[in-house]
Structure formats: C-alpha cells, structure tokens
Amino acid sequence: MPDPPFGGKIGPTYQESTPEWPALPTAPKGAPNVVIILRDDVGFGQVSTFGGPVPTPALDKLAAAGLRYNRFHTTAICGPSRAALITGRNHHNCGSGFLAEWATGFPSYNCMIPQTTATMGRILKDNGYNTSWFGKNHNTPDWESSVVGPFDRWPTGLGFDYFYGFIGGETHQYYPVLFENTRAVEPETSPEEGYHFMTDMTDRAIGWLRYSKSVNPDKPVLLYFAPGAAHAPHHSPKEWREKFKGQFDQGWDKVRDETYQRQLKLGVIPEGTQNTPRPEWVKPWDSLGADEKRLYARFMENFAGYLSFADHECGRLIDAIGELPDADNTLVFYIVGDNGASSEGGFTGTVNEVMNLNGLPSNLEDNLKVIDEIGSADTEPHYPLGWAWAGNAPFQWVKQVASHLGGSRNPMVVSWPAKIKDGGGVRSQFAHLIDILPTVLDVSGIPAPASVNGIEQKPMDGVSLASTFDSADAKPVREQQYFEVFSNRAIYDKGWIACAQHTFPWRQDFAPGNWDKDRWELYHLDEDFSENNDLADKHPDKLAELKKLFDEACKKYNVLPLDDRGSGRLTEPKPPPGGADPKRRRFTYYPGAVRLAETAAPNTKNRSHRIDVKIEKKGDGVLLAEGGQSAGFVLYVKDGKPCYHYNFFEMERTSVESSVALPDGASTVSFEFRYDGGGAGKGGEAVLIVDGKEVGKQRIERTVAGRFGIDTFGVGCDTGSPVCKAYKPPFAFDGVIGQVDIVLGDPGLSEEDERVMQAKFHAGINY
C-alpha cells in the first residue's frame with residue numbers, strides 16, 4: 001500500500017496549521033485471526049483423528065468442533081510444500097521445485113522464492129495483520145543463512161514480523177540451531193534440565209500471541225506454527241516414549257490393517273475403499289528375526305511418543321487461542337504433515353539419521369546396543385521404512401513419491417467457531433496447499449495484490465476453499481492439479497489421476513535417467529479412493545489425455561527441466577555465501593563467528609587442509625568446532641593440552657592429543673589433515689602442531705564425504721550437540737583467541753596430483 005496523502009493543512013506556523021497522522025493499514029472489518037499449524041513428516045494414517053494408532057487428543061478435539069478434510073494434498077516433500085503454502089503458488093512456480101540442499105541453477109529449482117510470489121506474511125502484514133513464524137523454516141537457502149545475510153529470504157524478509165525457529169530441513173530437538181529474527185540464540189536450559197524445542201517454541205508462540213492481543217486486541221494476527229515434529233531425528237521425551245511400550249509388537253502389517261479398519265469406521269475413507277497391498281520393498285513382519293522385531297517396535301514406540309508429545313504441545317497453543325478475546329473469530333488450519341510418512345530411515349532404521357542420508361545404513365548390532373536410549377539426546381533416530389508404509393494407510397508409497405497419494409495426501413482439520421457449524425464434519429473436495437492463502441484472503445476480504453513493492457505478482461495458483469466450510473456437498477473447488485518431485489509425477493483431472501513413479505526415497509544414488517521407460521498408471525479416484533485398481537490398460541485413451549495435460553502443466557507452471565539426480569544434485573555448486581569468490585581457499589575468522597551453516601563454512605571435506613588458531617591468552621575450551629553428535633570435528637584445549645577430535649558418524653572416533661601443554665602467553669595451535677586423495681571420503685594423517693612443532697599424530701581411516709549434519713561451524717565454543725564426549729557443550733574457551741586461519745587444498749585430485757599438492761602444502765606454498 002502506498003503511504004496515504006497528508007490530509008491536514010500546513011500554514012506559516014503551527015497556529016495556522018492542522019495536523020493529521022498518516023493512517024496505518026487496517027484489516028477489513030471482521031477479518032479473522034489466522035493460525036496455521038503445519039506438522040512435519042506425518043502420514044495420512046498415523047494420527048488418531050484419521051484412524052491412526054497414535055493418540056492425538058488435541059487434534060481430535062479441534063476436529064470435533066471443526067472439519068476434517070480427507071482429500072487434501074501436499075507436494076510430497078517439505079521445503080516445496082512450505083513454499084506452496086506461504087505463497088499460494090505451485091512449488092515450481094515459486095522457485096522451489098525441490099529442497100535448497102539439492103538446488104540447481106534453474107529458476108524453478110534454485111529455491112530462492114522470487115519477489116513475484118509474495119508470501120502470506122507480506123500480504124497480511126501490509127493489510128493490517130501482526131504476523132509471526134515459529135519453528136521450521138526450510139525456505140531460506142542455506143548459503144544465505146549466515147547471520148550477516150542477505151535476509152531477503154529469511155522469514156522477516158518474506159514479510160513476517162517475528163521469527164523464532166530453525167533454518168533447514170530438521171534440527172536436533174534437544175540441541176536446536178536457533179534463530180530469533182536474524183540473530184543466533186541458544187536455549188536457556190539444557191537437555192538434562194528438561195529442555196525440548198517443541199515446548200520452547202510453543203511457549204514462545206503463546207507469549208507472542210498474548211502480547212500481540214494485549215497491545216492491540218482488535219488487530220488480527222497470523223501465526224504460522226511449524227514444529228519440526230515428527231521429522232527425524234525422532235526425539236521423544238522418555239515419559240512419552242515409555243507410554244507406548246509394547247503397543248507395536250504386532251508389527252507394521254497388523255498396525256496398517258487396524259488403521260484401515262478404524263478409518264472405515266470413522267468415515268475418513270469412504271465405504272468400499274480397499275487397503276492397498278504391501279509392496280515388495282517392505283518385508284513381511286513375520287519374516288523378521290526376534291531382535292529385528294524388538295528393535296523396530298522400539299523405533300515405532302519412540303516415534304509415537306514424539307508425535308503424541310507434539311500434539312500435546314499443539315494442544316497448549318490451541319487452548320491459548322481459545323482464551324483470546326476474539327477466539328471465535330480465529331480460523332485454524334491444522335495440516336497434519338507436509339508430505340507422507342518418511343522412509344528415509346531405510347530398511348533397518350537408524351540411531352544416526354545423518355549417517356543414513358550420507359549413504360551409510362545402520363546395522364542391527366549397533367542399533368541394539370542403544371535400544372533403551374532411542375529418542376534421547378544422545379541419539380538421532382529414524383524408524384524403518386516399513387512403519388512409513390504402515391503410516392500412509394490405505395495408500396501406496398511414501399514421502400518424496402509425489403506420483404502416489406502415500407507421498408502427497410495429508411489430513412487437514414479446519415476450525416472457525418464463528419463460521420463453521422458442522423462440527424465433526426468430513427469434507428472430500430480435492431484441495432491442495434496452494435489453496436490455503438487464497439482461502440485466507442477470501443474470508444478476510446483482502447484481494448490478492450497485483451503488485452508488491454512495485455513488482456508485478458504472478459497470479460495465485462490456488463483457489464478458495466471457503467465454500468466448503470458451509471456444506472459437505474459444495475461443488476469441487478479444484479478440478480486439476482499436477483505433482484512432481486524427483487521425477488515422480490502425477491496429474492489429477494476431474495476425478496482421474498495418472499501417475500509415474502521414478503525414483504526411490506531411500507536411494508540418493510539412484511537416478512534411472514530415462515523418463516520414457518517409466519510406466520504410467522491410471523486410477524479413477526472418484527470410485528477408487530486409495531489408488532488400488534490400475535486402469536491404464538483398460539483406458540489407454542484416458543491415460544494419453546492425462547499425460548498430455550501433465551505436459552501442459554509442466555509448461556504453465558515451469559516444472560522443467562526434470563532432474564532425477566539425488567546425491568548428484570547435492571554436489572552441484574551452490575552460490576557462495578555473501579557472494580564471495582567460490583574458488584576461495586583462505587579464510588580468517590574471529591571470536592564470535594558462531595552458528596555458521598555448514599554449507600556457508602569452509603569445506604574441509606575430501607581435501608587436505610590446515611587450521612591455525614592464534615591464542616593470545618591460554619585457557620581451556622573449544623577453539624573451533626563444526627558439526628555435532630552425528631558427525632564433525634573439534635579442536636579444543638582441556639587441562640592445558642590441545643586435542644583434535646574427529647567424529648565419523650559415531651562409528652569411528654579419532655582423537656589426536658598433544659604430548660605437551662600450551663606455553664604461558666601467546667601461542668599458535670595448528671592442525672593439518674594430509675588427505676590420501678583418490679576420491680571422496682578417504683582417510684589421511686591428522687597432525688597436531690603447537691608453535692610449529694609436531695605434538696601429536698593419528699591416522700583417520702574414513703572421513704565424511706557429504707555433510708556432517710544439522711549442526712553448525714563456530715569459533716570459541718561448540719554450540720548445539722557436542723562433537724566430542726570429552727566435554728559438555730558449549731565448553732566455551734576461557735582464554736583469548738586472536739583469530740582462526742583456515743587454508744584448503746584442492747578437492748577431487750588424483751593420488752599423484754594430491755601428493756604434489758601436499759608437498760606444496762607442507763612447504764607453505766600458496767597454492
């Protein structure tokens with residue numbers, strides 16, 4: 001909105017003048033408060049409200065007073081789903097074809113939300129709302145996530161007045177990587193003192209909501225509440241996971257069938273719906289050994305505790321909403337998952353999820369050693385993919401597989417006491433995340449802007465769902481929708497859907513590369529709710545018609561180019577942080593440089609490198625750390641002696657301890673890694689040096705080739721979960737650090753070239 005013209009009068013002096021304050025934007029009369037709760041990695045058949053085995057009483061209560069939508073859809077993956085939600089545009093159309101970590105330099109896949117697709121935060125803020133965002137933010141590219149910006153694509157840059165949460169796909173719930181607006185912050189208590197991020201963010205959201213209404217009770221609010229739950233790592237407080245002991249011993253086949261029967265009874269799936277059969281990639285529960293059953297049941301008990309605990313915290317927020325002076329005029333969207341249940345734990349599950357994502361699956365023996373600790377702060381668990389399949393009952397497939405409803409259909413509950421009177425009703429109109437913002441604008445009386453800050457806007461791709469609030473028989477609001485993630489693709493049109501599954505969520509190295517070989521399936525969803533009866537052979541003309549519609553949608557919504565690479569996209573060069581030289585090899589950091597995202601920090605992996613820490617006053621504590629409990633490295637001083645520790649996914653830990661203590665006064669602690677070369681993830685010699693003299697040496701046999709995980713890089717302390725178990729975080733250095741200098745070798749060299757480079761490196765030559 002432009003600034004309003006001055007309506008007063010200006011004379012020679014104030015005595016001949018009439019003042020007038022500029023009018024601030026105000027929301028249309030009767031505009032409701034809007035609360036959007038978006039859960040993470042929850043399948044259609046996991047919560048009790050939709051027949052699942054996990055009790056979610058807060059969601060049950062909300063649904064009893066509101067509506068349950070059983071044909072609501074996401075994009076099948078988190079970052080794109082969130083972009084679609086906050087912009088009202090299809091995910092490719094707002095630059096978010098996949099996740100930022102897999103971004104490529106194409107407009108639909110660079111994950112840089114463009115200014116042509118203003119968010120709900122921006123639109124509602126500019127039209128008289130207070131706006132906030134709590135929890136997960138997977139819409140800021142990680143190369144833009146340092147605390148020096150740019151901040152254009154942080155929540156506050158996207159139009160939200162206030163942000164408290166984390167950036168990226170996930171965070172450790174006991175040791176979260178937290179930001180308040182654009183400032184890195186740390187939890188005020190420790191896991192030992194009962195800290196859990198789910199409770200922390202709920203407390204903050206309730207506080208913000210009450211403060212907003214205290215200052216101006218008549219001003220409507222937008223509260224976007226996006227817990228990391230139930231995305232891995234599945235961190236369930238002990239008292240919550242213990243509630244489910246023994247409740248999943250019957251296994252995933254039985255749990256899925258029991259869920260299906262409850263869904264029929266509740267009416268959240270139509271009578272006559274078939275439960276799709278177990279696929280070949282899920283082992284029959286009865287074929288598993290006793291130890292496998294015991295471990296896999298424990299993984300699910302922990303997940304159930306996490307999911308139920310998160311519902312309890314969401315219930316506290318919902319109760320606080322109910323205490324508002326205008327509670328009846330509060331529109332709540334509770335979206336149960338940004339995609340289907342996740343199979344990213346692989347066939348066996350894991351207690352170190354980041355290790356799995358790096359292509360190193362867990363083994364049964366290692367997991368059994370910590371079975372009683374699964375869900376604690378010392379683990380980063382994810383259940384086996386059999387539970388994901390069970391959690392998406394009655395549908396086929398899982399998260400990432402956008403071609404099928406197991407990836408893209410999620411429950412939604414909508415409550416608005418002032419307007420919705422069919423308490424407990426079910427709505428079956430086909431709907432999508434892109435429809436939420438148009439719905440909010442419709443019921444608030446705010447038009448979609450033609451331009452924002454002088455920039456012409458793309459039209460909304462979504463449509464309003466408001467007509468369904470009044471009637472279960474409201475005519476369809478959305479008759480066509482495409483889906484695409486990782487080349488898994490589908491097109492819905494007037495009750496029919498054509499789909500082609502292409503890649504596997506648990507195989508980041510799997511890229512078929514030939515899209516023409518994909519087999520397209522065809523389902524009549526109006527008669528086959530669960531996609532159980534493939535009609536492709538019976539109706540080839542209908543299939544051809546829908547495939548043509550998919551090609552047209554690709555052009556209209558900028559889906560191309562299709563890209564089925566997994567790990568290959570991870571290694572695609574990303575923009576350098578702050579526009580720095582991407583070929584940079586020398587870095588200098590000073591005390592206070594903390595919470596730097598791994599992708600924005602010097603990449604020491606797969607290459608030789610040297611770290612020099614200039615100490616002005618000796619002390620104990622961390623000099624430099626990157627990563628955390630899952631994997632990483634740390635250079636620290638304890639009892640006066642320097643030590644370097646390398647954590648290879650907790651499978652192998654290597655410590656290089658100094659044979660001498662630091663001298664009094666100034667000193668330089670150095671570390672050299674002399675890489676073997678010959679590919680990624682190889683080993684090398686780790687050498688510790690004090691004032692130019694070698695004081696320790698160890699061989700590291702294996703190194704992390706991909707990413708250390710969800711923790712960060714920092715000077716002078718180890719924020720988040722600890723890299724090393726020899727200290728308690730943050731173990732801040734109590735001496736004085738002058739600066740830290742890092743020099744990187746060249747990556748990807750042959751063994752011979754690596755030897756030449758090392759010779760130059762050790763000679764101090766500036767390569």
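For reference, positions follow the sequence shown, starting with 1.
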Could you check if a side-chain atom of [X] sits within less than 4.5 angstrom of a side-chain atom of [Y], using non-hydrogen atoms only?
X	Y	result
Asn90	His92	no
Ile318	Lys61	no
Arg204	Tyr162	yes
Thr468	Val414	no

Which label fits [X] and [Y]: parallel for a plane angle under 30°, tilted from 30 to 60°, or perpendicular past 60°?
X	Y	answer
Phe134	Trp208	perpendicular
Phe151	Trp154	perpendicular
His91	Tyr482	parallel
Phe50	Phe44	perpendicular

* Which one of Phe333, Tyr334, Trp133 satisfies the side-chain contact (heavy atoms from CB on, under 4.5 Å) criterion with Ile36? ->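 Result: among Phe333, Tyr334, Trp133, Phe333 is the only option passing the side-chain contact (heavy atoms from CB on, under 4.5 Å) with Ile36.
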Donor-acceptor contact present, side-chain [X] to main-chain [Y], <3.5 Å:
X	Y	answer
Arg71	Ala431	no
Asn110	Gly105	no
Thr116	Pro114	no
Glu144	Pro141	no
Asp311	Ala58	yes
Asp435	His432	yes
Thr439	Ala466	no
Arg89	Ala118	yes
His196	Tyr174	no

Verify the distance criterion only: is there a donor paired with an acceptor across the side chains of [X] and [Y] at less than 3.5 Å?
X	Y	value
Gln173	His231	no
Ser81	Asp338	no
Tyr129	Ser444	yes
Tyr164	Asp200	yes
Trp416	Asp328	no
Arg595	Thr712	yes
Ser145	Thr140	no

Measure the spacing between [atom1] of [X] and [atom2] of [Y] and express it to the nearest 0.5 Å.
X	Y	atom1	atom2	value
Asn410	Leu405	CG	CG	10.5 Å
Leu317	His312	CG	NE2	12.0 Å
Ser428	Phe72	OG	CZ	14.0 Å
His73	Arg478	NE2	CZ	10.5 Å

Can you list, pair by pair, the side-chain donor-acceptor contacts under 3.5 Å of residues 553-561, counting residues two or more places apart and other chains?
from, atom 1, to, atom 2, distance (Å)
Asn558, ND2, Asn93, OD1, 2.9

* Asked: Taking 4.0 angstrom as the limit, do Arg569 and Glu572 come out as a salt bridge?
  -> no
* Counterpart residues, side-chain contact (heavy atoms from CB on, under 4.5 Å), relative to Ser146 (two or more places apart) ->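 With sequence neighbours excluded, Ser146 shows a side-chain contact (heavy atoms from CB on, under 4.5 Å) to Val148, Leu596, given in chain and number order.
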* Are the ring centres of Tyr109 and Phe98 closer than 6.0 Å? -> no
* What heavy-atom pair brings Met198 and Cys314 nearest, and what distance separates the two atoms? -> CE-SG, 4.3 Å
